[in-house]
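Keep in mind it's a predicted model, so treat the numbers as computed, not measured. Here is how names work: the chains are called A, B, and so on, in the same order as the sequence lines, proteins then strands, and each is numbered from 1.
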2 protein chains.
Amino acid sequence: MTARELARMLGVSQSAVSRAFTPGASIAPELREKIVRFAENVDYHPNAIASMLSKSRTNIVGIVISDMQNPFYPALIEQLSRALQRIGLQSLMFNVTRGTDLEEQLSALRRYNVDAVIIISATILSGPTLQWATDGRAAILINRVAEDTELSCVICNNAEGARAIADHFHAIGRRRVAYVAGLSHTTTNRERQNAFITRVAEHGMTLSALIDGNEYSYYAGRSAALDILARGETDAIFFANDILAAGGLDALRESGVRVPEDIAVAGFDDISMAAWPHYDLTTFRQPIDTIVDVAVTMLENGSCAPGQPPVIRRISGELIKRGSTGITRE
Amino acid sequence: MTARELARMLGVSQSAVSRAFTPGASIAPELREKIVRFAENVDYHPNAIASMLSKSRTNIVGIVISDMQNPFYPALIEQLSRALQRIGLQSLMFNVTRGTDLEEQLSALRRYNVDAVIIISATILSGPTLQWATDGRAAILINRVAEDTELSCVICNNAEGARAIADHFHAIGRRRVAYVAGLSHTTTNRERQNAFITRVAEHGMTLSALIDGNEYSYYAGRSAALDILARGETDAIFFANDILAAGGLDALRESGVRVPEDIAVAGFDDISMAAWPHYDLTTFRQPIDTIVDVAVTMLENGSCAPGQPPVIRRISGELIKRGSTGITRE
DNA sequence: ATGAAAGCGCTAACAG
DNA sequence: CTGTTAGCGCTTTCAT
């Protein structure tokens, strides 16, 4: 069932049908009413593809993702896709993996003529690749920055968070603190790590260990914690994210370490698991709502459009104090 | 840059350009070579939207999801979207929520003319709604059946799994067992629950409690476990999925219950968390690889096309025995 | 093997 | 406000 057929059946022009389904089009309310009603009966739906072609607007945004293991990302993606749906945009998933052919993946991204691209992949994609993939269309990086590109980003204030953790460790009387990186070269990690180390020094605390987990995973957290334990002399550990921290916490407890009495533990993100009584993990909350809001707003007001200068929006988070740092020393 | 422009620059017809980018089209290898090479220089990419319109084929499949909280789903979605990408299909996400207007959501699903729809949403959508939403296009339900529809499904053999758990409980000498439902009305739950209860009876074991958690969540698992504990008289609990089981396990241990000595615990799914040393959870693994393979194959061979009779593919899983049922009684 | 031409179903000027 | 008329960029007969 096409608009033309419908029009013929109703004895109106095909444009009238188009207008009936275009909010704000100049058409008499009665005509629109009549057309819409009739369309419902004969089960006519405007063909979005044809509309895309003539408007050269798809109402689709490409979402580039690469890691669904860390629960933070599913949560973010879910919220984001809902927010987009609310303003009439659908999300086309582009799942990039180290294994698959990146060029191939991203060329699909271009062929599909998506209106915008949102990249939630902290790793894998280099600046130039990003630039190429998003060339000529609106693009937003979430949760990472790309210094060497013209891309806009929405990113949690990692340094603020890392400092808050350092301050908190200091406030509860810890003096020999360790840092566990996820992927050390990612921008998120670098920001958290640098800010933490700097603040630790400012407080006159000792950085008793600095470990690169090589991935943001539960198991990496475990082995990092055990390493730190083996060296001794640490009374607080800041893990680069909550999944690492969860692994670390479990490993410590299994080794007979009391958390927080012997070693305090903090993470980053505030994934739902962090609030579980078993973990009860102090962490720095990334406000997903706000991140999503800001990104969607940038999309709506066109501030991330191809010509525009890149904007970097730093989103403030919040320190969530829980039991894993619940005890003050001295 | 359009095919027509490219053609003019090269002094060939626009059809030639189209053919150059159509695998298997009848075009001289040299001409194709020449066109493709030139296209690369001038950065020409075929416009997928235009192609969709003329072929009336989008190479897009709609993925309907509703729950990213249970880690099983992100894992499934990730695998699925990758498998689809490998055969040249992209995934358009449709995030349905109880809150949002379902009709609205699903009408988008129809307008976009997706080639197929894959529904991973265990809950929310009723049979008739599903039927309407997928009307006239290939559709597959994953992880649920819809008895009252003509839709094909790929679903784990829940009964097999539930029986395996019951058998295992029996084998390790447990005799007073409880079942904790997620959403009791979902097909997955009904299948697991019924099979479990039946097998428990067959073994002459006692069903000491039957609790409906009202949601598949960690916290629901916790309170169900505490309920069961309060009643006493239970030596093994089968939770309808791993997230419930994780909550239950934590709650039991916090209450001083020894798992598995006092109460054995089992879940369902085998999410990655189940293997964590802290949980070490016996569970029935849903083989995501196989589920995805089967679904993608159905898509490829057209056995789920609109006209076809619905097929229901039951996928066998595997009992994964871990520490949470590690001790045999008597 | 190649080119010409007629659509795919809709939007967007342009008249009236 | 409504109808007419060109396209949007590609695929696909149909000739040659």
How many angstroms lie between [atom1] in [X] and [atom2] in [Y], if you round to the nearest 0.5 Å?
| X | Y | atom1 | atom2 | result |
| --- | --- | --- | --- | --- |
| A/Thr187 | A/Asn158 | OG1 | CG | 7.5 Å |
| B/Ile315 | B/Gln286 | CD1 | CD | 10.0 Å |
| A/Met52 | A/Asn113 | CE | CG | 10.0 Å |
| B/Glu40 | B/His45 | CD | NE2 | 8.0 Å |
| A/Met298 | A/Ile142 | CE | CD1 | 9.0 Å |

Closest heavy-atom pair and its distance - B/Pro310, B/Ser152: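 Taking B/Pro310 first and B/Ser152 second, the nearest heavy atoms are CA-OG, 3.5 Å.
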
Nucleotides bounding contact with chain A, strand DNA chain C, heavy-atom threshold 4.0 Å: C/dG9 to C/dA13

Side-chain heavy-atom pair A/Ile65, A/Asn95 within 4.5 angstrom cut-off: yes

Residue-level proximity of residues 27-39 of chain A to DNA chain D when a heavy atom falls under 4.0 Å: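 By residue number: A/Ile27, A/Ala28, A/Leu31.
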
B/S/- contact track for nucleotides 8-15 of chain D, protein heavy atom under 4.0 Å: BBBBBB--

Crowding at CZ, B/Arg313 (>12 non-hydrogen neighbours, <6.0 Å): no

Pairs involving residues 2-24 of chain A, ordered by first then second residue, that meet ring-ring contact (aromatic ring centres under 6.0 Å, His included) (sequence neighbours left out): A/Phe21-A/Tyr44

Flag for B/Tyr112-A/Asn59: side-chain donor and acceptor within less than 3.5 Å: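 No, because no side-chain N or O of A/Asn59 sits under 3.5 Å from a partner of the opposite role on B/Tyr112.
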
Axis-to-axis angle between the two ends of the helix from C/dA1-D/dT16 to C/dG16-D/dC1 (five base pairs per end, rounded to 10 degrees):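 It comes to 30° between the two terminal axes.
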
Donor-acceptor under 3.5 Å (B/Ser81 side chain, B/Glu78 main chain): yes

Pairs involving residues 14-32 of chain B, ordered by first then second residue, that meet side-chain hydrogen bond (donor to acceptor under 3.5 Å, both in side chains) (sequence neighbours left out): none

